[in-house]
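This report concerns only the one structure given below.
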Amino acid sequence: MSLKEALKKIKNLKRSESKKPTAQKKDIKVASEVVTPSNPENVSEALSENEIQKLNQIKSKHLPLYNSIKKLNVFQQRAVFSDNEKILVSAMVGSGKTTVLVHKILYLHFFKGVPLDKIGILTFTNKAANEIVERILTFYMGQAETSPDLSLCGTFHSVAKNILSHSELLYSIGYTDSFTIMDENEKVIFLKRIVLENNLNVKYINRLDKRIERFLDPRATTKRKKILYGNMKYEDDIEELIKISAERKKSYNVMDFDDLIANVNIVMSNNKFDIGLDWIVIDEFQDSNTDQITMINNMANDRTSVFAVGDPNQLIYAWRGSDIGIFSDFKEKKCEEHSLPINYRSTSNILDLAKVMKTYGDEELLGNRSGGLPVAIVNHYDSNQEAIYLASQIKNITQKGVPLREIAILFRTRNQSKIFETVFTNEEIPFEVANRRTIRDLPPVYWLTLLFRSCLNKHDMNSIYDLVFDKDYGFHELSTGLVRKYLSDLKKQNINPDLENFLEWMIDKKSMEKEFLEFSKQMLGFSKWIEGVTFEEIPKIFDYFNLSLLLRPSSSNYENDAELVKSFLDNLSRYVKLDYDTDVKRSFLTIVSKMSLDGINIVGDTIDPNSEKVKLLTMHTAKGLEFGYVFISGANDGLIPMVLDYQEPAQFEEEKRLFFVAITRAKDFLEISYHTNPEGWRSVPEMSCFLKNIPKNVIKVGARKKTSRTVPVSDNTDIDKLDKWYTGQSISHHKYGSGEIAKITETNIICCFDGFGEKSFSVNFLAIKPQ
DNA sequence: CTGCGAACCTTTTTT
DNA sequence: AGGTTCGCAG
């Protein structure tokens with residue numbers, strides 16, 4: 001875990017004197033030293049006098065910061081040290097967005113003296129949050145003695161959670177600070193339970209998530225759009241279901257993901273609650289929806305400055321509520337606008353194709369890698385033929401020494417990956433499908449989290465039922481009648497369900513085994529017990545709950561399960577140490593909440609992002625990633641774009657942006673395919689309309705052979721022209737030792753060696769070897 | 001109450 | 001193509 005490691009490094013850091021730069025006289029020479037090596041030749045931008053002065057000030061105040069900022073290009077530097085209090089950075093794809101964001105934060109802290117806990121940093125994904133934290137900490141390590149408070153740095157949801165759980169006002173909206181969080185999956189189970197318990201009439205129960213989504217969509221205006229679904233003619237009880245669920249979430253002291261944002265907005269707006277931030281920094285601003293914008297506004301006071309970075313051309317989540325208007329609106333609110341126009345990732349041929357898909361803004365998209373291979377557009381009979389063809393192409397590529405992790409296959413829908421999985425399995429090509437792994441993929445660990453949630457939030461009946469009625473580790477089979485009986489018995493006594501009376505009732509009514517009796521006792525005592533332990537003692541939980549008995553010792557999974565749970569507890573102990581709040585119990589609750597938001601990441605280093613496997617990804621999941629070789633499969637009308645409704649230009653544009661995102665994942669090589677005989681009801685046997693009328697010089701259309709079911713087409717031999725070098729590749733040199741390729745131009749390969757810095761080699765006289 | 005046909009929807013996904 | 005709801009016929 002990178003964050004963990006970074007923190008560890010800080011803690012273990014010898015208290016070496018922080019290298020505070022000694023005050024230096026202003027060195028006018030710096031101006032000419034300002035090197036922006038990454039600026040492409042066709043960009044002739046230079047810093048103004050003022051900006052050069054600013055750079056000098058940074059140099060005299062904080063040399064390490066200066067050294068880091070010096071490496072940025074002019075546009076990036078400008079965005080970093082502009083002192084405007086409202087800045088929007090329109091970042092082109094692959095233009096170093098995160099780098100600018102991180103440097104801005106470092107600049108604010110080390111040059112402007114803004115404390116890090118006065119900077120709210122908001123991202124959409126955990127991955128982005130971790131990357132930013134890690135990069136801040138890496139720089140911080142050499143500069144400071146203690147680790148900074150970054151509790152307001154994270155995803156919108158985790159920051160909302162942190163604000164809520166430290167707010168007194170939580171009580172005013174009916175929650176306590178031991179609230180737990182349910183994920184989308186648990187929410188569906190929760191809702192279905194309400195339907196059963198209350199005898200509600202709810203149609204399309206298996207598409208509850210879709211129905212709720214539509215019901216809550218602010219853009220669905222008519223009742224018909226909100227309530228009626230599929231072939232429905234009459235309203236059902238969906239409105240009632242949502243009403244009951246809202247009440248029940250409060251009585252359970254549980255929030256879903258949307259509630260976190262909604263509640264933080266209620267608490268912060270109703271009560272003039274101010275967290276006194278100096279700055280709010282937002283990543284991927286184009287993805288914000290209105291609730292998130294409200295949250296940003298609520299977090300800010302009159303003196304809070306804002307720095308937002310985003311790329312409207314990569315807005316592919318409008319269907320989740322983000323809106324291009326939010327980007328433009330912000331722009332108009334007297335904010336200073338910056339652009340990062342230079343793409344460092346892709347060859348110019350790839351970028352030229354991408355430009356055709358650009359839907360927003362007049363800003364130019366500039367590259368710094370000339371030429372490259374033309375983008376190939378090839379035709380296959382069907383996806384099976386393509387999979388066979390790709391298998392052989394991948395073998396070709398890897399024979400040149402390209403690692404599998406540099407190859408990705410992108411498609412529009414998840415089920416398009418199946419055929420590749422089958423063929424690649426046969427052909428023995430290692431692959432990885434980007435399935436989001438959740439903690440549910442580790443059943444005993446998930447069961448344990450249910451146990452913790454049940455013990456720490458005794459009103460979380462979701463977790464309590466799921467825990468006790470779990471089919472693997474639970475104690476009793478779930479029957480609808482049972483819970484109903486329990487609830488009606490409680491109603492007679494006019495009390496609310498909670499952990500205590502549920503366990504009592506179960507023992508009483510169902511004459512449960514001794515094992516359950518013992519377990520109940522330990523559950524009820526856990527909250528007290530955890531208060532008295534230190535973080536080192538957390539692994540003792542295993543014996544506290546007598547897990548060697550509860551984890552089904554007779555099952556064949558037992559050894560695995562027990563080991564998994566033990567290493568999970570070890571990790572927990574480490575996390576509690578790192579996230580130490582006010583006491584172990586409080587930290588423990590923090591971690592338990594974090595697990596709902598963070599997914600499997602907390603369990604351990606089970607996923608290797610750089611594993612040597614071909615990546616099979618949907619275009620959406622590919623966002624933010626880059627690969628040397630990209631194959632986009634199935635660019636047929638009806639798939640890309642999926643909706644061929646010319647009445648809805650907004651949807652059409654979003655499809656175009658999605659295609660833009662897919663194309664711009666490629667660094668060196670891009671091939672796009674469409675099928676003569678596409679499967680699925682959606683697509684038609686036509687090449688995507690996006691691919692028509694594009695400049696002929698950037699693409700190479702594969703000959704449209706009369707293809708048959710049995711003869712695979714393989715008319716893209718360009719791939720052989722690509723030599724074996726790629727950026728990021730590990731290489732070695734007889735004199736400079738091992739290094740990495742930093743950049744490849746038409747004539748030179750520039751390598752970075754440890755201790756020797758950058759060296760450039762002519763492609764005609766290559767003295768380097770792959771490693 | 002059951003059986004049949006017509007009509008409708010279906011994707012993408014982070015937290 | 002497959003799942004669901006609804007109307008209608010029996």
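Labels below follow one simple rule: chain letters A, B, ... track the order of the sequence lines, proteins then strands, and each chain is numbered from 1. Computed from heavy atoms alone, side chains included, the values below leave out hydrogens, waters and symmetry copies. Model, not experiment: these values are computed from the prediction.
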May A/W319 be described as stacking on the base of B/dT12, applying a 5.5 Å centroid limit and a 30° limit on plane angle?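 So yes, this residue stacks on that base, both cut-offs being met.
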Please indicate yes or no: is the ring centre of A/F124 less than 5.5 Å from the centre of the six-membered base ring of B/dT15, with the two planes inclined by under 30 degrees?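 No, A/F124 does not stack on the base of B/dT15.
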Among all residues two or more places apart in sequence or in another chain, which pass the ring-ring contact (aromatic ring centres under 6.0 Å, His included) test with A/F452?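 A/F526, A/F588.
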Could you pull out all residues at least two apart from A/F660 that satisfy ring-ring contact (aromatic ring centres under 6.0 Å, His included)?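 Expected list: none.
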d([atom1], [X]; [atom2], [N]) in whole Å:
X	N	atom1	atom2	answer
A/L658	B/dT13	CG	C1'	12 Å
A/I316	B/dT11	CD1	P	17 Å
A/E184	B/dT13	CD	C1'	10 Å
A/F652	B/dT11	CZ	P	20 Å
A/M642	B/dT11	CE	P	9 Å
A/L617	B/dT13	CG	C1'	14 Å

Please name all residues satisfying side-chain contact (heavy atoms from CB on, under 4.5 Å) with [X], sequence neighbours left out, ordered by chain then number.
X	answer
A/Q416	A/F411, A/R412, A/T413, A/L639
A/D217	A/R219, A/A220
A/S463	A/L450, A/R453, A/S454, A/D460

When the P atoms of C/dT4 and B/dT11 are considered, how many whole Å apart are they?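 Straight-line distance between the two P atoms is 13 Å.
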Side-chain (A/T180) to main-chain (A/N457) donor-acceptor, under 3.5 angstrom: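 Absent.
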Relative to the 5' end of DNA chain C, which residue comes earlier, A/W681 or A/Y229, by the nucleotide with the nearest heavy atom?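 Its nucleotide being nearer the 5' end, the pick is A/W681.
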Could you check A/K233 against A/G230 and say which one's nearest nucleotide on DNA chain C is further toward the 5' end?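 It is A/G230 whose nearest nucleotide is closer to the 5' end.
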Establish, from distance only, whether the side-chain atoms of A/R665 and A/S346 form a donor-acceptor pair under 3.5 Å.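 There is no such pair between these side chains.
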Closest nucleotide among [options] to the [X] side chain:
X	options	value
A/H620	B/dT12, B/dT11, B/dC9	B/dT12
A/R207	B/dC9, B/dT15, B/dT11	B/dC9
A/N231	B/dT15, B/dT11, B/dA7	B/dA7

Short side-chain N/O contact from A/K210 to OP1 or OP2 of B/dT11, under 4.0 Å: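 Yes, A/K210 has a side-chain N/O under 4.0 Å of OP1/OP2 on B/dT11.
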A/T618 vs B/dT13: side-chain N/O to OP1/OP2 distance below 4.0 Å: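 Yes, such a contact exists.
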For A/R214 and A/T621, find the nucleotide of DNA chain B closest to each by heavy atoms; which residue's nucleotide sits nearer the 5' end?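 That would be A/R214.
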Please list, in 5' to 3' order, the outermost nucleotides of DNA chain C lying under 4.0 Å from any heavy atom of chain A.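 Contact boundaries, 5' end first: C/dA1 to C/dG7.
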